[in-house]
Number of protein chains: 2
Amino acid sequence: MGTTQLETAPEPKYWHLKTVLSEALDSEFAVGEILPNERELAARFGVARATLRQALEQLELEGRLQRRRGVGTTVAPPRVGVAVDPARHTWPGAPGDDWQPVDAVESSEVPAAVARLLELTPGERVHIVHRSRVTHGQPVAAEQLYVPVRTVPDAAVTGTDAPARARAVLRALQQRELEGQDRAVELGSARADDARELDRLPGAPVLVVTTRYFTDGRTAAVALSTYRADTCRLTFGDNESEAGVPVLAG
Amino acid sequence: MGTTQLETAPEPKYWHLKTVLSEALDSEFAVGEILPNERELAARFGVARATLRQALEQLELEGRLQRRRGVGTTVAPPRVGVAVDPARHTWPGAPGDDWQPVDAVESSEVPAAVARLLELTPGERVHIVHRSRVTHGQPVAAEQLYVPVRTVPDAAVTGTDAPARARAVLRALQQRELEGQDRAVELGSARADDARELDRLPGAPVLVVTTRYFTDGRTAAVALSTYRADTCRLTFGDNESEAGVPVLAG
DNA sequence: GAGTGGTCTAGACCACGAG
DNA sequence: TCGTGGTCTAGACCACTCG
């Protein structure tokens with residue numbers, strides 16, 4: 001028996017919903033405006049709340065919406081262009097970069113991937129400098145910078161409070177010659193602590209930028225920078241002046 | 001009846017599940033190995049299938065798993081490093097780039113964001129060159145390259161079959177002087193056609209790279225390259241030799 | 001045809017933010 | 001306290017792949 005194909009599209013409901021909502025966002029809503037709540041939207045479109053949420057999740061992933069527990073769903077502003085390549089061949093913490101030193105600790109517990117990049121011997125100690133990046137008043141990224149003690153000795157780290165210690169490590173770095181950098185970008189999900197700092201829930205999608213800094217032919221430091229994927233567009237440019245215009249993805 | 005609160009953390013179940021699975025993947029599974037199916041995994045962990053799926057989705061987002069309808073869930077290989085900056089200051093299609101020309105059409109229907117970048121007048125026509133990128137036998141990216149007819153006149157496009165037309169546009173581009181490039185990376189979700197080409201479902205997470213090519217002080221072409229976010233790590237480097245070692249995100 | 005992941009439903013309760 | 005989004009359940013059916 002033919003399944004009475006009432007020429008329904010093989011298109012999933014949530015996909016169609018997403019399209020409809022996306023067009024509504026373009027034409028009927030202003031940035032910052034608050035949408036009806038999920039239960040009402042689901043009723044209005046005649047779908048289960050879970051299905052509606054699947055559409056909202058995609059739109060949030062694309063940076064069109066912003067959802068906050070206890071508050072509601074709002075129309076997101078265009079993504080912010082964030083320069084990841086501000087000035088080539090400078091150490092982190094060089095004058096004029098957009099990062100704020102938060103803390104620095106010494107530890108030998110390092111993610112396996114970082115240990116590999118730094119070619120650490122087991123138990124070798126590193127400074128972990130924690131920095132955060134704020135643009136337009138919003139936190140956009142959190143960073144862990146791993147600097148082996150072999151690169152910057154303990155003695156150089158003399159600060160009393162947390163940010164001072166961080167600045168001390170960065171200052172010590174500046175005095176070495178930087179031979180080059182290396183970057184990679186990949187999709188990840190926010191660790192609990194980064195999520196808190198970025199004002200997101202754990203597991204939120206993030207763009208992870210891995211930067212390697214080279215000195216004396218080997219890796220002197222590695223930075224793991226975690227950017228909010230919903231609000232950020234990472235820019236790499238010859239043309240440092242132009243931030244670029246937002247591009248809608250999806 | 002109290003659900004026998006066995007001192008459970010305020011941590012969501014799917015989050016805990018993800019951690020447990022992640023560790024199991026590290027220790028008990030080999031790349032390519034197939035996991036038990038979702039219904040069995042859910043039963044084994046004593047959760048609903050939807051909850052289990054939430055954990056699997058995150059692991060897939062992080063590139064740890066690969067799921068295919070009708071087949072199963074397998075352990076994914078480490079992400080492939082894909083050079084996005086292979087040689088600076090070259091036009092697309094320069095000798096040695098990893099893209100394969102697929103087709104070229106002429107059209108005046110262009111995404112609004114692209115029209116803005118190219119400063120197109122309404123109705124202005126462009127060549128849309130479609131290319132695809134394959135690494136290790138797997139499709140990793142699809143690209144639409146938008147070249148205004150003002151940059152490359154129709155007369156230059158003389159091919160008979162589709163790839164030849166694409167190559168003709170690229171060849172015409174090479175003959176202009178390239179003043180600079182500009183790149184941005186953001187998270188998006190795959191359009192239906194790109195998804196098909198990348199062997200993913202529509203809406204799959206992708207990294208969208210927007211490249212602007214400058215000539216005569218203005219934008220001569222714009223490329224929108226869509227990379228599979230689950231399998232790719234985009235690399236930008238001074239050091240073109242080293243592809244970089246995989247970094248686990250999450 | 002059997003088995004897989006993908007979609008969808010109709011509920012329930014929880015965690016958080018704001019008044 | 002109330003309303004929001006976040007989590008979770010226990011089902012059902014569909015679309016796809018493969019033997």
Side-chain angles (χ1 to χ4, degrees), chain A residues 1-6 8-18 21 33-43 45-61 65-76 189-190 192 195-196 199-205 230, chain B residues 1-5 8-18 33-43 45-61 65-76 189-190 192 195-196 199-205 230:
Chain A
M1 70 168 79
T3 55
T4 62
Q5 275 280 112
L6 50 155
T8 164
E11 190 175 62
K13 277 191 188 178
Y14 77 90
W15 185 260
H16 181 243
L17 248 185
K18 181 192 131 178
L21 284 169
E33 197 168 341
I34 188 164
L35 266 63
N37 71 53
E38 297 184 350
R39 289 161 180 86
E40 174 171 346
L41 279 178
F45 287 107
V47 299
R49 192 178 154 219
T51 305
L52 186 269
R53 277 179 61 80
Q54 218 175 332
L56 294 185
E57 264 150 35
Q58 286 237 357
L59 289 170
E60 191 178 26
L61 204 72
L65 292 178
Q66 212 154 334
R67 297 146 89 203
R68 304 177 70 128
R69 168 154 52 179
V71 179
T73 301
T74 56
V75 181
S189 47
R196 200 176 329 110
D199 195 20
R200 297 262 66 197
L201 291 175
D230 54 345
Chain B
M1 74 168 74
T3 54
T4 59
Q5 275 281 111
T8 164
E11 189 177 63
K13 278 191 190 180
Y14 77 90
W15 185 261
H16 181 243
L17 249 185
K18 181 190 130 179
E33 197 168 344
I34 188 164
L35 267 62
N37 71 53
E38 298 185 347
R39 289 159 180 88
E40 175 170 347
L41 279 178
F45 288 108
V47 299
R49 191 177 153 218
T51 305
L52 186 266
R53 277 180 62 81
Q54 218 175 333
L56 294 185
E57 264 150 35
Q58 286 238 356
L59 290 170
E60 190 178 27
L61 204 74
L65 291 180
Q66 213 156 333
R67 296 145 87 201
R68 304 178 69 125
R69 168 155 50 180
V71 180
T73 303
T74 56
V75 181
S189 46
R196 198 173 335 107
D199 194 21
R200 296 264 67 197
L201 290 177
D230 54 344

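Letters A, B, ... are given to chains in the order of the sequence lines, protein chains preceding strands, and every chain is numbered from 1.
At whole-Å resolution of the value, CG in A:Leu41 and C1' in D:dT4 are 12 Å apart. One interatomic measurement links the two molecules: NE2 of A:His16 to P of C:dC8, which rounds to 12 Å at whole-angstrom precision. Rounded to whole Å, the distance from CG on B:Leu201 to P on C:dT7 is 6 Å. What separates CD1 of A:Ile34 from P of D:dT4 is a distance of 8 Å, to the nearest Å. A straight line from CG of A:Leu35 to P of D:dG5 spans 9 Å, rounded to a whole angstrom. Distance B:Gln54 CD to D:dC8 C1': 8 Å, rounded to the nearest Å. Per the geometry, CG belonging to B:Leu65 stands 11 Å off P belonging to C:dG6, to the nearest Å. Taking atom CD on B:Glu38 and atom P on C:dG5, their separation rounds to 5 Å, with Å as the unit.
At a threshold of 4.5 Å between non-hydrogen side-chain atoms, the residues B:Gln58 and B:Trp15 count as touching. In this structure the side chain of A:Leu65 reaches within 4.5 angstrom of the side chain of A:Leu35, judged on heavy atoms.
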Response to the item:
Each nucleotide of nucleotides 10-19 of chain C classed B (base within 4.0 Å of a protein heavy atom), S (only sugar-phosphate) or -, in 5' to 3' order, makes --BB-BBS--
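Atom CG of residue B:Leu41 and atom CZ of residue B:Arg53 lie 12.0 Å apart, to the nearest 0.5 angstrom. To the nearest 0.5 Å, atom CG of residue B:Leu52 and atom CG of residue B:Leu56 are 5.0 Å apart.
Residues B:Arg67 and B:Arg200 approach most closely at O-NH2, 3.3 Å, considering heavy atoms. Across every non-hydrogen atom of B:Ile34 and B:Gly72, the tightest pair is CD1-CA, 4.3 Å. Across A:Ala42 and A:Arg49, no two heavy atoms sit closer than the pair CB-CA, 3.8 Å.
OP1 or OP2 of D:dT7 lies within a sub-4.0 Å distance of a side-chain N or O belonging to B:Tyr14. Contact check, A:Thr73 against D:dG5: a side-chain N or O comes under 4.0 Å of OP1 or OP2. In this model, the phosphate group of C:dG6 is approached by a side-chain N or O of B:Arg53 to a distance below 4.0 Å at OP1 or OP2. The phosphate of D:dG3 (OP1 or OP2) has no side-chain N or O of A:Asn37 nearer than 4.0 angstrom. Dashed line: the shortest gap from a side-chain N or O of A:Thr51 to OP1 or OP2 of C:dT7 is not under 4.0 Å.
A salt bridge is absent between B:Glu11 and B:Lys18; no separation between the charged side-chain nitrogens and carboxylate oxygens falls under 4.0 Å.
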Worksheet item: Dot-bracket for DNA chain D, 5' to 3', counting Watson-Crick or G-U wobble pairs under 3.5 Å, with [ ] for crossing pairs and | for inter-strand pairs?
Response: ||||||||||||||||||.
Discussion item. Side chain to side chain contact (heavy atoms under 4.5 Å, CB included) for B:Glu60 and B:Thr73? Distances and angles first, verdict last.
Written reply: CA-CA 10 Å; B:Glu60 190 178 27; B:Thr73 303; over 6 Å; no
